[in-house]
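Numbers restart at 1 for each chain; the letters A, B, ... are given by sequence-line order, proteins then strands. Source: prediction; values computed, not measured. Computation of the quantities below employed the complete heavy-atom set of this structure, encompassing side-chain atoms and omitting hydrogens, waters and symmetry-equivalent molecules.
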Amino acid sequence: MSTDYNFSEIEKKWQEFWAQNRTFQVTEDAGKPKFYVLDMFPYPSGAGLHVGHPLGYIASDIYSRYKRLKGYNVLHPMGFDAFGLPAEQYAVQTGRHPAETTEENIARYKRQLNRIGFSFDWSREVRTCDPKYYKWTQWAFLKMFGSWYDNSIQKVRPIEELTAHFSESGTDGIDAACSRVLSFTAAEWNAMDEGRRAAVLMNYRIAYLGETSVNWCPQLGTVLANDEVKEGLSVRGGYPVIQKKMQQWQLRVSAYAQRLLDDLDSLEWTDSLKEMQRNWIGRSEGAEMIFKVSNGENTYDMTIFTTRADTVFGVTFMVLAPESEWVPRLTAPEMKSSVEEYLASAAKKTERERIAETRQVTGVFTGSYAVNPITGAKIPVWISEYVLSGYGTGAIMAVPAHDSRDYAFAKHFNLPIVPLIEGCDVSQESFDAKEGIMCNSGFLNGMTVKEAIPAAVRKIQELGIGRKKINYRLRDAIFSRQRYWGEPFPIYYKDGVATPMDMSCLPLCLPEIDRYQPTESGEPPLARAVGWEYQGWPIEKSTMPGFAGSSAYYLRYMDPHNDSAIVDRAKDEYWRDVDLYVGGTEHATGHLIYSRFWNKFLYDLGYVCEKEPFRKLVNQGMIQGRSNFVYRIKGTNTFVSYGLKDKYETTEIHVDVNIVHNDRLDTEAFRKWMPDFATAEFILEDGEYICGWAVEKMSKSMFNVVNPDNVCDTYGADTLRLYEMFLGPVEQSKPWDTKGIDGVHRFLKKFWRLFYGRDGALFTDTPATAAELKVLHNLIRKVSADIENFSMNTSVSAFMIAVNELTELGCTSREILEPMVILLSPFAPHICEELWSRLGHTASVANAAFPEYIESYTVENTFEYPVSFNGKTRFKLELPKAVDPAAAEAAVLASPNTEKYLAGKPVKKIIVVPSKIINVVF
RNA sequence: GCUCGAGUGGUGGAAUAGGUAGACACGCAGGACUUAAAAUCCUGUGGGCAGCAAUGUCCGUACGGGUUCGAUUCCCGUCUCGAGCACCA
């Protein structure tokens with residue numbers, strides 16, 4: 001048996017051992033407390049893993065292994081978010097089936113992950129593109145299609161209960177989340193034909209088909225959700241996005257807005273993440289107010305939303321969103337052509353252009369007028385882009401004196417501005433602050449703004465022209481994607497009416513098609529599928545978005561092979577929810593909202609037992625790339641070292657970081673790297689070529705991608721794991737910098753040498769000394785506290801200190817070394833398994849028990865020493881044994897601050913080291 | 001513009017409840033072992049001043065104030081960086 005630390009042999013051996021012995025497979029065990037540790041499952045991209053990906057996985061794996069040692073039954077699964085755009089785009093280019101490339105990518109990912117020694121229970125693996133998995137995505141969709149949200153009990157109910165109510169009493173007594181408020185009697189309902197009823201019900205379903213303004217990305221040929229668009233460009237690909245009205249499947253997430261907001265308080269998430277979700281939900285309290293509007297022939301009631309009901313006396317015009325349904329009704333004949341021209345120009349703009357022209361004022365007059373319900377004044381109705389159709393009612397009352405957007409509009413089109421707050425100057429800009437005393441405002445005069453807002457709301461409520469209203473920014477999620485590689489909708493169109501398939505039809509498998517691009521007529525790829533029909537009727541041709549499959553995957557891990565339920569009730573009641581969820585912050589307003597919504601929906605229907613899916617959430621930081629540069633002297637093939645480059649005219653060239661070590665270039669490897677450089681010459685400094693560097697995104701084009709496989713080859717997985725933790729706090733973003741990896745590797749070698757010297761085993765059965773026990777127990781305390789707090793980086797330091805100390809003490813005692821192996825095993829599992837077995841154990845170290853911390857081994861041996869001051873015993877010194885009490889007393893009394901310490905305050909203790917006071921506790 | 005978060009040596013970063021700032025590691029410098037290299041080990045390493053020296057002393061956690069016997073930590077203001085939202089009425 002080798003006495004050297006041969007990591008590659010050890011790591012291979014134990015990875016095989018874990019797989020063969022199914023060491024990390026778990027089942028429900030009522031005798032043990034459960035703990036569910038989840039990583040955000042990866043999208044298996046063609047590029048494979050780089051060192052940034054495993055950061056969170058390593059931290060969660062340490063946590064899982066630690067909890068296992070602590071006696072918990074730990075569920076720690078992994079799977080793949082396997083539907084998605086890149087595989088499909090690759091298919092469009094190459095004609096290869098996305099399933100094929102996805103399969104290959106998953107195999108590569110699994111191989112890479114397993115090399116790092118994660119304790120995943122692979123028997124529970126899920127893949128979103130597997131029909132056995134997406135059966136339950138489709139199932140949930142059908143459940144949503146068959147449900148409505150009852151606002152009065154804040155809960156979802158089966159749609160049959162709504163139809164029963166309709167046939168008995170119409171819409172009377174119904175307070176439902178809906179696309180638009182409808183009102184009809186039972187008789188009217190009963191007289192409707194099937195098609196009409198279907199249309200009415202669509203207004204209430206949680207999953208519904210509706211016309212909406214969507215983010216359309218022409219280059220991708222698909223619709224995108226709000227969180228898939230950043231700054232007017234698609235997150236995937238960075239293509240421009242335009243607004244387009246389309247008939248789309250949507251999820252009525254907005255029904256859950258208040259609950260999604262309220263339940264945030266119960267979660268152990270970072271404040272910043274909760275804040276992000278709060279902003280995204282965007283609750284705002286205000287009022288709805290009805291304005292009479294007239295196009296000259298007819299008069300209508302138009303409802304608007306405002307948070308400043310108090311400013312109603314200053315409304316000098318109204319504004320409609322260009323997409324508002326009021327526009328056609330209120331456009332006067334003589335204004336028709338200019339309105340149409342304006343609408344056309346607004347529709348043509350991309351989202352990005354709209355943002356770029358943010359402060360440019362545009363708009364057009366409709367020719368119609370509204371009546372201010374309080375003052376009776378006749379005010380013009382305009383159309384402008386600055387009003388959004390998706391928020392409130394898509395129409396506003398404009399108060400230019402107290403809203404900067406209305407102000408800009410009024411100035412531009414020369415509309416009147418009426419100030420409503422005493423002493424405010426609106427000649428240059430609006431006065432938006434909610435402070436001051438009201439004036440020019442009838443019954444509100446003399447009140448402060450804070451008083452006036454509720455007073456105005458009360459008044460309009462009395463007059464029956466409005467009511468208190470809470471609005472949310474959160475919109476319904478658009479659920480259709482015009483592409484191939486996603487879950488098909490189990491919906492067919494019977495006489496044009498969207499009809500759900502029977503549950504027994506699930507899974508509805510994705511059909512084969514010959515090509516993956518949209519059809520020539522612009523239909524989604526599924527239009528190419530031959531026989532894509534159900535009982536002779538056409539099946540829905542769009543597919544579900546990426547977030548569909550990732551919204552409930554944590555539930556399937558609890559019971560991944562169940563074909564008759566999304567999760568067995570007993571298993572759900574055992575595993576309940578995710579105790580620790582680790583993943584990137586980029587999912588804050590996407591996946592993490594959708595998942596919470598999805599879970600709440602299933603909770604309402606009684607399929608799951610917890611209101612919230614993810615109890616504690618940790619956001620790991622991104623690992624950026626650290627690029628290296630070489631400097632070629634212009635017009636030559638000679639490269640000059642970093643420190644000398646200013647003496648020449650050079651071009652900076654990215655060089656593969658894998659042939660650079662500690663910023664020193666491996667010149668031989670460089671010559672072999674690319675044919676162009678085969679004859680490269682170098683100007684060195686001190687015999688070495690020093691490279692320049694910069695922090696950039698980790699990407700192939702910058703040659704700064706570091707593959708974890710390479711690190712495992714050179715240093716081993718245990719070093720990689722420790723180093724990623726050592727780099728800094730898990731939550732923090734930082735560049736991958738291999739400087740320092742040697743230090744961590746050196747630590748593992750030192751650790752090994754505690755057990756094995758040059759001539760064989762060192763460990764003995766001699767009892768531990770007091771000093772050794774102190775080192776061990778301090779470490780136990782430190783490491784458990786650190787892991788619980790997720791500060792793995794300081795744990796690694798603590799290990800280094802402990803190993804140095806034990807080395808210095810010449811520790812060989814099994815009594816110390818065995819617990820050390822257990823302690824380190826979550827961080828560096830392979831070396832610990834090996835040492836554990838060499839210590840004579842046959843079971844995996846993963847099945848050991850975490851050593852208990854015994855305080856008496858570590859407490860400082862201190863004693864109290866009374867100090868008299870001015871003849872009285874005034875305070876006590878808590879002194880370490882090593883300190884001379886007389887010297888300490890002298891130091892305290894001599895301290896110029898002692899008088900201040902004693903000034904009227906009782907002193908509890910003073911901690912002293914020779915000649916210096918360090919700690920006074922009152 | 002609004003909302004969060006963060007600014008500590010040459011570098012990554014420590015400092016649990018306000019109590020010896022800079023742990024640990026990298027890098028650097030010097031040394032040991034070696035024919036040599038690699039590996040390994042030891043010593044030093046925030047800055048200024050004084051001293052042959054052990055050492056002493058002052059300044060130091062973005063900047064300016066405040067609270068406190070004592071502030072990297074708490075409070076107010078400023079600057080810089082990062083993240084998110086962005087015409088949300």
Side-chain angles (χ1 to χ4, degrees), chain A residues 226 230-232 270-280 282-284 286-287 304-309 311 319 321 354-355 357-361 384-388 390-399 402-406 408-409 432 471-475 585-586 588-589 619 621-622 662-663 722-723 726-729 731-744 746-747 749-750 753 758 781-782 785-786 788-789 791 793-802 804 807 895-903 905 907 910-913 916-922:
Chain A
N226 280 345
K230 289 255 149 76
E231 290 170 3
T270 59
D271 290 339
S272 70
L273 198 86
K274 288 193 203 177
E275 199 57 32
M276 258 191 241
Q277 291 215 339
R278 286 194 193 102
N279 290 342
W280 190 260
R283 180 190 153 104
S284 107
I304 57 93
F305 174 77
T306 180
T307 53
R308 294 293 302 273
T311 60
V319 189
R354 279 201 184 192
I355 291 166
E357 296 167 10
T358 286
R359 296 296 160 202
Q360 266 191 32
V361 180
S384 175
E385 280 182 302
Y386 84 88
V387 174
L388 305 175
Y391 185 77
T393 62
I396 61 154
M397 62 178 214
V399 186
H402 303 289
D403 182 289
S404 53
R405 299 155 297 180
D406 298 344
F409 195 82
D432 292 14
N471 235 317
Y472 300 91
R473 232 188 51 153
L474 185 70
R475 319 258 172 104
T585 179
E586 68 271 19
T589 52
N619 287 123
M622 299 261 275
N662 286 347
D663 291 337
L722 278 168
Y723 187 57
F726 186 72
L727 221 42
E731 298 87 340
Q732 197 171 299
S733 289
K734 55 233 157 184
W736 176 260
D737 182 355
T738 42
K739 269 188 203 164
I741 196 163
D742 292 309
V744 171
R746 208 168 287 152
F747 157 74
K749 289 197 222 163
K750 281 188 202 167
R753 274 203 305 277
R758 190 180 285 275
R781 187 188 46 184
K782 173 80 177 146
D786 280 351
E788 298 280 0
N789 296 331
S791 36
N793 55 330
T794 50
S795 271
V796 178
S797 295
F799 276 116
M800 291 179 173
I801 297 168
N804 282 342
T807 305
S895 163
N897 289 329
T898 298
E899 199 67 55
K900 288 182 189 162
Y901 295 159
L902 296 174
K905 288 171 189 161
V907 177
I910 297 182
I911 296 175
V912 174
V913 296
K916 206 168 190 177
I917 299 167
I918 46 168
N919 189 0
V920 181
V921 182
F922 295 99

(message) Are the side chains of A:Thr794 and A:Asn789 in contact, using a 4.5 Å heavy-atom criterion?
(response) no
(request) Answer yes or no: is there a side-chain heavy-atom contact under 4.5 Å between A:Gln732 and A:Leu727? (result) no
Between [X] ([atom1]) and [N] ([atom2]), how many Å, whole number?
X	N	atom1	atom2	value
A:Lys750	B:rA25	NZ	P	6 Å
A:Lys739	B:rU11	NZ	P	10 Å
A:Arg308	B:rC87	CZ	P	20 Å
A:Met622	B:rG84	CE	C1'	14 Å
A:Met800	B:rC24	CE	C1'	7 Å
A:Arg746	B:rA38	CZ	P	12 Å
A:Lys782	B:rA14	NZ	P	10 Å
A:Leu722	B:rC24	CG	P	17 Å

Determine which nucleotide pairs with [N], using a 3.5 Å limit on both distances of a Watson-Crick or G-U wobble pair.
N	answer
B:rG7	B:rC79
B:rC41	B:rG31
B:rC74	B:rG66
B:rA23	none
B:rU16	none
B:rU61	none
B:rG1	B:rC85
B:rC49	B:rG56

For atom [atom1], what is the distance between [N] and [M], given to the nearest Å?
N	M	atom1	result
B:rG13	B:rA83	P	16 Å
B:rU55	B:rG22	P	15 Å
B:rG46	B:rA38	P	27 Å
B:rU57	B:rU80	P	40 Å
B:rG70	B:rC52	C1'	37 Å
B:rG84	B:rC75	P	26 Å
B:rG31	B:rA37	P	13 Å
B:rC2	B:rU78	P	11 Å

Find the distance between [atom1] ([X]) and [atom2] ([Y]) and round it off to the nearest 0.5 Å.
X	Y	atom1	atom2	value
A:Asn279	A:Thr589	CG	OG1	10.5 Å
A:Met800	A:Phe726	CE	CZ	4.5 Å
A:His402	A:Ser404	NE2	OG	12.5 Å

(request) Please state whether the rings of A:Trp736 and A:Tyr723 are parallel, tilted or perpendicular, taking 30° and 60° as the class boundaries. (result) perpendicular
(message) Once you measure the plane-to-plane angle for A:Tyr386 and A:Phe409, does it fall in the parallel (<30°), tilted (30-60°) or perpendicular (>60°) bin?
(response) tilted
Examine [N]: is either OP1 or OP2 under 4.0 Å from a nitrogen or oxygen in the side chain of [X]? Give yes or no.
X	N	answer
A:Lys749	B:rU40	yes
A:Arg781	B:rU16	no
A:Arg278	B:rU3	no
A:Gln732	B:rG13	yes
A:Ser284	B:rA89	yes
A:Tyr386	B:rA89	no
A:Asn279	B:rC4	no
A:Arg753	B:rU40	no

(request) Would you classify A:Pro735 as touching base, sugar-phosphate or nothing, given that sugar-phosphate means primed atoms plus P, OP1 and OP2, and contacts are heavy atoms under 4.0 Å? (result) nothing
(request) Give A:Ile396 one of three labels, base, sugar-phosphate or nothing, depending on what nucleic acid heavy atoms sit under 4.0 Å from its own. (result) base
Residue [X], side-chain atoms from C-beta onward, closest of [options]:
X	options	answer
A:Met276	B:rA14, B:rA89, B:rA83	B:rA83
A:Asn789	B:rC24, B:rG13, B:rU16	B:rU16
A:Thr794	B:rC4, B:rA89, B:rA15	B:rA15
A:Ile801	B:rG13, B:rC4, B:rC24	B:rC24
A:Phe305	B:rC24, B:rA89, B:rA15	B:rA89

(request) Report the glycosidic orientation of B:rG51: syn if within 90° of 0, anti in every other case. (result) anti
(message) Within 90° of 0 counts as syn, otherwise anti: where does B:rA17 fall?
(response) syn
(message) I want to confirm an ordering. Mapping A:Asp271 and A:Asn471 to their closest nucleotides on RNA chain B, which one lands closer to the 5' end?
(response) A:Asp271
(message) Taking the nucleotide of RNA chain B with the nearest heavy atom to each, does A:Asn804 or A:Ala785 sit closer to the 5' end?
(response) A:Ala785
(request) Please assess A:Val387 against A:Val319 for the test side chain to side chain contact (heavy atoms under 4.5 Å, CB included), listing each intermediate value before the final yes or no. (result) CA-CA 7 Å; A:Val387 174; A:Val319 189; 3.5 Å; yes
(message) Quick test of your reading of the model: are A:Arg746 and A:Asp742 salt-bridged, counting only N-O distances below 4.0 Å?
(response) no
